[in-house]
Amino acid sequence: MTKKQIKFLIRAFNNECEAAINKVRYSNFIQIKKRIIKSFEQLNKMNSYNQIELTEYYLHLKTEELQLAYEYEQKKARGKRRVASTKRS
């Protein structure tokens with residue numbers, strides 16, 4: 001039963017992170033990061049009675065993933081601006 005709870009916890013956090021990261025834009029990075037941290041804290045709190053928790057390192061990896069997605073969005077936006085400026089010229 002504990003193994004099932006661990007799997008559920010990981011799936012829940014991964015799904016929350018994936019949904020949040022897919023919505024990251026150049027203007028909402030901080031809000032998305034806060035959302036991921038809040039989810040991490042809530043899921044750990046809900047599972048504390050079973051002494052099951054996600055590690056800080058796992059949270060760190062998810063915030064790094066968010067950072068990479070954010071940087072990718074920034075580069076896409078820069079590319080679009082370059083294309084638009086060359087079309088005007």
Quiz item: Within a strict 4.5 Å, meaning less than it, do heavy atoms of the Glu53 and Asn47 side chains meet?
Solution: no
Quiz item: Charged N to carboxylate O below 4.0 Å: is that the case for Lys38 and Glu41?
Solution: no
Quiz prompt | Rounded distance [0.5 Å steps], CD1 in Ile52 versus CZ in Phe8 | solution = 11.0 Å
Quiz item: Of all heavy-atom pairs between Ala69 and Ile21, which one has the smallest distance, and what is that distance?
Solution: CB-CG2, 3.6 Å
Self-check item: Any Ile37 side-chain heavy atom under 4.5 Å of Leu59 side chain
Solution: yes
Exercise. With side chain to side chain donor-acceptor pair (under 3.5 Å) as the test, would you mind laying out the steps for Asn14 and Tyr58 before giving the verdict?
Key: CA-CA 10 Å; Asn14 284 343; Tyr58 197 60; 2.5 Å; yes
Quiz item: Taking the side chain as C-beta and beyond, is there a heavy-atom pair between Tyr72 and Val24 under 4.5 Å?
Solution: no
Quiz item: Are Leu43 and Ser39 side-chain neighbours, meaning at least one heavy-atom pair lies under 4.5 Å?
Solution: yes
Self-check item: Interatomic distance, Glu18 atom CD to Glu65 atom CD [nearest 0.5 angstrom]
Solution: 8.0 Å
Self-check item: Neighbour count >12 (heavy atoms, 6.0 Å) for atom CD, Glu64
Solution: yes
Quiz prompt | Residues Glu56, His60; criterion side chain to side chain donor-acceptor pair (under 3.5 Å); working and verdict | solution = CA-CA 6 Å; Glu56 290 288 330; His60 173 72; over 6 Å; no
Quiz item: Ile30 and Lys34: side chain to side chain contact (heavy atoms under 4.5 Å, CB included), yes or no, with the steps?
Solution: CA-CA 6 Å; Ile30 294 171; Lys34 286 179 184 178; 3.7 Å; yes
Quiz item: Hey, what do you get for CG (Leu61) to CG (Leu66), rounding to the nearest 0.5 Å?
Solution: 12.5 Å
Exercise. Test side chain to side chain contact (heavy atoms under 4.5 Å, CB included) on Thr2 and Asn50 and set out the steps.
Key: CA-CA 8 Å; Thr2 302; Asn50 289 328; over 6 Å; no
Practice problem: Take Phe29 and Gln67 through the side chain to side chain contact (heavy atoms under 4.5 Å, CB included) test and state the conclusion after the steps. | Solution: CA-CA 8 Å; Phe29 173 79; Gln67 181 68 39; 3.2 Å; yes
Self-check item: Asn28 vs Arg25 side-chain heavy atoms within contact, under 4.5 Å
Solution: yes
Quiz item: Going from CG on Leu68 to CD on Glu73, what distance comes out if it is rounded to the nearest 0.5 angstrom?
Solution: 12.5 Å
Practice problem: Indicate yes or no: does Arg35 engage Glu16 in a salt bridge with an N to O separation below 4.0 Å. | Solution: yes
Quiz item: Ile36 versus Phe13: any side-chain heavy-atom pair under 4.5 Å?
Solution: yes
